[in-house]
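Accompanying notes for the structure given below.
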Amino acid sequence: MRAGLIACLGAGVDRVSLGGEQTGELSLITKTIPSTGERIPAIGLGTDAFQTSEHDAIQAEIKRMNELGGAVIDTAAAYGDSEALIGDALAALGIRDRMFLATKLTAGGAFGGSGSGEESFRRSLERLKAQRIDLLQVHNLSGVDSLMPMLQAWKKAGKIRYIGVTTSRVAQHGEIVEAMHKYPLDFIQVDYSIANRDAATTVFPTAFERRVAVLVNLPLARAALIGQAGQRRLPDWAASIDVSSWAQFFLKYVISHPTVTCAIPGSTKLEHLVDNQTAARGRLPDTAMRTKMEEFWDDKT
Ligand SMILES: NC(=O)c1ccc[n+]([C@@H]2O[C@H](COP(=O)([O-])OP(=O)(O)OC[C@H]3O[C@@H](n4cnc5c(N)ncnc54)[C@H](OP(=O)(O)O)[C@@H]3O)[C@@H](O)[C@H]2O)c1
């Protein structure tokens, strides 16, 4: 992780000037991981749609993200060849140490062999060409009770830096809250967007209270929000929060929630990646502006 660039600067949101890497005049928005005080950029990259046929395009995308100051990459043992593609790209670019790498465990025989948590993790390390993972998450909370002692042992041994659990379904929000009470989690990953605000009332208060960092998946509702925005014009006031596209509007809404640490929009297109990384720059909406964004979005007439 780019420790030299992103120093531990206390709680809340911060903006870090990246000198030569700066995009225009706008500085990078970073957020704090409560369990350590480490800061990470507020927009990362989701990779569940990465395909082997896009090998070179993926490398170009990861290279560009690094140039733009982004660092968080979210993948999973279960995402086809995604881990291997990321591992190849990071090795070819020589930027593993600059990235914050998050993956997910899948136990239960998904890859043949014993199907154990150990086997899933060993395979992830191999495919990611990594000695250590920044964040290891239990995918969809599946097998969390039996996997948690293992994750804690790996953390103690320095093989992973942070422990997390994930969901992407409102129906599982109660379970993720339970997990925060039961285990010493550094992170949760949960679905949240301007059109899916359930987590803000059901999950985030516990994350805040338990000092758990929050990664947000489906911030664009799998692109449905882009489709719904359609030809609708962005409001003029979007410029006052340095928003110039609908994706930036949706992403700035998500990362401006005080409990959200980082959003991980999925993108396989370079222009989408650049658009999304732009949302990690400049001004963030305050509470009043967030309400205005919700009202504007809800009023589709
Ligand atoms: N249970 C879990 O743990 C879980 C479940 C779901 C997702 N996740 C993680 O969360 C990540 C994000 O979820 P997601 O990828 O399913 O959904 P998403 O981020 O809400 O949306 C991704 C979709 O939006 C499009 N898109 C991205 N940026 C855009 C832009 N600037 N303008 C227009 N369209 C844009 C992408 O298109 P292109 O691909 O064409 O660029 C893709 O179709 C996943 O990749 C994965 O890492 C975790």
Side-chain angles (χ1 to χ4, degrees), residues 42-51 53-54 57-58 60-62 64-65 68 70 72-83 85-86 99-106 110 120 124 128 134-144 147 164-173 175-176 179 185 187-196 199 203 214-232 234 243-255 260-281:
I43 305 274
L45 173 63
T47 67
D48 73 349
F50 277 11
Q51 303 284 339
S53 56
E54 303 292 326
I58 286 162
E61 213 182 339
I62 290 175
R64 192 76 186 113
M65 182 166 88
L68 293 171
V72 179
I73 300 179
D74 179 72
T75 182
Y79 293 169
D81 294 327
S82 171
E83 287 184 321
L85 289 160
I86 293 163
M99 294 292 119
F100 184 98
L101 206 45
T103 192
K104 312 186 190 84
L105 272 184
T106 298
S120 175
S124 290
L128 287 163
D134 294 295
L135 167 62
L136 187 63
Q137 306 156 102
V138 178
H139 206 158
N140 291 333
L141 292 152
S142 175
V144 62
L147 292 171
V165 297
T166 79
T167 183
S168 58
R169 292 189 294 120
V170 169
Q172 239 182 354
H173 286 179
E175 229 179 294
I176 212 160
L185 299 177
F187 273 85
I188 55 162
Q189 183 182 139
V190 68
D191 51 302
Y192 173 62
S193 73
I194 200 163
N196 169 20
V203 178
V214 176
L215 288 188
V216 169
N217 60 41
L218 312 186
L220 305 174
R222 296 197 164 97
L225 296 185
I226 304 287
Q228 284 163 26
Q231 298 308 310
R232 205 173 166 196
L234 271 175
V243 157
S244 60
S245 72
W246 276 111
Q248 292 168 28
F249 182 95
F250 301 130
L251 292 173
K252 279 219 162 150
Y253 174 80
V254 166
I255 63 169
V260 170
T261 313
C262 174
I264 44 165
S267 64
T268 55
K269 296 198 178 64
L270 191 60
E271 68 264 32
H272 289 165
L273 177 278
V274 173
D275 189 12
N276 300 344
Q277 286 299 316
T278 306
R281 300 268 165 182

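The figures that follow rest on heavy atoms only: side chains count, while hydrogens, waters and symmetry mates do not. Every number for a ligand or one of its atoms is a count from 1 in the order of the listing.
In this structure, atom 10 (O) of ligand 1 lies nearest to the protein heavy atom Asn217 CB, 3.1 Å. The closest protein non-hydrogen atom to atom 47 (O) of ligand 1 is Asp74 OD2, 2.7 Å. Protein heavy atom at the shortest distance from atom 35 (C) of ligand 1 is His272 ND1, 3.5 Å. Nearest protein heavy-atom contact of atom 25 (C) of ligand 1 is Ala223 CB, 3.8 Å.
The shortest N or O to N or O distance between Ser267 and ligand 1 is not under 3.5 Å. Taking any N or O of Thr75, backbone or side chain, none lies under 3.5 Å from an N or O belonging to ligand 1. Where the criterion is an N or O separation shorter than 3.5 Å, residue side chain and backbone included, Leu220 meets it with respect to ligand 1. Inclusion of Thr167 in the set of residues having an N or O under 3.5 Å from an N or O of ligand 1 is not warranted.
For Asp191 and Asn217, the side-chain atoms include no donor-acceptor pair closer than 3.5 Å. For the 3.5 Å distance criterion, the side chains of Ser120 and Thr106 fail to qualify, holding no donor opposite an acceptor. With no hydrogens or angles considered, no side-chain donor-acceptor pair links Asn140 and Thr167 at under 3.5 Å. Of the N and O atoms on the side chains of Asp74 and Gln137, at least one donor lies less than 3.5 Å from an acceptor on the other residue. If you check the side chains of Glu61 and Ser267, you find a donor sitting under 3.5 Å from an acceptor. Looking at Asp275 and Gln248, their side chains do bring a donor and an acceptor atom within 3.5 Å of each other.
In the vicinity of Gly46, heavy-atom distances shorter than 4.0 Å reach the ligand 1 atoms 11 (C), 44 (C), 45 (O), 47 (O). With ligand atoms numbered from 1 in the order given, ligand 1 contributes 1 (N), 2 (C), 3 (O) to contacts under 4.0 Å with heavy atoms of His139. Residue Pro265 has at least one heavy-atom neighbour below 4.0 Å for each of these atoms of ligand 1: 19 (O). Close approach of ligand 1 to Lys269 is summarised as follows: ligand atoms under 4.0 Å from at least one heavy atom of the residue are 40 (O), 41 (O). Those atoms of ligand 1 with a heavy atom of Arg222 less than 4.0 angstrom away are 6 (C), 16 (O), 17 (O), 18 (P), 20 (O), 21 (O), 23 (C). Counting atoms of ligand 1 from 1 in the listed order, those under 4.0 Å from a heavy atom of Asn276 are 27 (C), 28 (N), 29 (C), 30 (C), 31 (N).
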List the steps, then state whether side-chain hydrogen bond (donor to acceptor under 3.5 Å, both in side chains) holds for Glu54 with Thr268. CA-CA 8 Å; Glu54 303 292 326; Thr268 55; over 6 Å; no
How far apart are the C-alpha atoms of Leu105 and Leu136, what are their side-chain angles, what is the distance that settles it, and do they pass the side-chain contact (heavy atoms from CB on, under 4.5 Å) test? CA-CA 7 Å; Leu105 272 184; Leu136 187 63; 4.0 Å; yes
Just do the side-chain contact (heavy atoms from CB on, under 4.5 Å) check on Trp246 and Gln228 with the steps written out, would you? CA-CA 10 Å; Trp246 276 111; Gln228 284 163 26; over 6 Å; no
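A distance-only check finds a donor-acceptor pair linking the side chain of Lys252 to the backbone of Arg281 [under 3.5 Å].
Taking CG from Leu45 and CD1 from Ile264, the interatomic distance works out to 9.0 Å, rounded to the nearest 0.5 Å. Note that NZ of Lys104 and OG of Ser124 are 10.5 Å apart. Values are rounded to the nearest 0.5 Å.
Contacts of Lys104 with ligand 1, taken as heavy-atom pairs under 4.0 Å, involve the side chain alone. Contacts between Asp48 and ligand 1 below 4.0 angstrom, taking non-hydrogen atoms only, involve backbone and side chain alike. Contact annotation: for Glu271 versus ligand 1, there are no heavy atoms closer than 4.0 Å. Of all the heavy atoms of Ile264, the ones lying under 4.0 Å from any atom of ligand 1 are found in both the backbone and the side chain. Contacts between Tyr79 and ligand 1 below 4.0 angstrom, taking non-hydrogen atoms only, involve the side chain exclusively. Here Asn140 has side-chain heavy atoms under 4.0 Å from ligand 1, and that is the only part of it that gets that close. Under 4.0 Å from ligand 1, the heavy atoms of Thr166 that appear belong solely to its side chain.
In this structure, the ring of His173 has its center no less than 6.0 angstrom from the ring center of Tyr192.
Using a 4.0 Å heavy-atom cutoff, Ala221 is listed among the residues neighbouring ligand 1.
Taking the six-membered ring where the residue is Trp, His139 and Tyr79 present perpendicular rings, their angle passing 60° and hence far from 30°.
Nearest-heavy-atom check against atom 15 (O) of ligand 1 across Gly266, Ser82, Ala279 picks out Gly266. Heavy-atom proximity to atom 39 (O) of ligand 1, evaluated over Leu218, Thr268, Leu141, Thr47, is greatest for Thr268.
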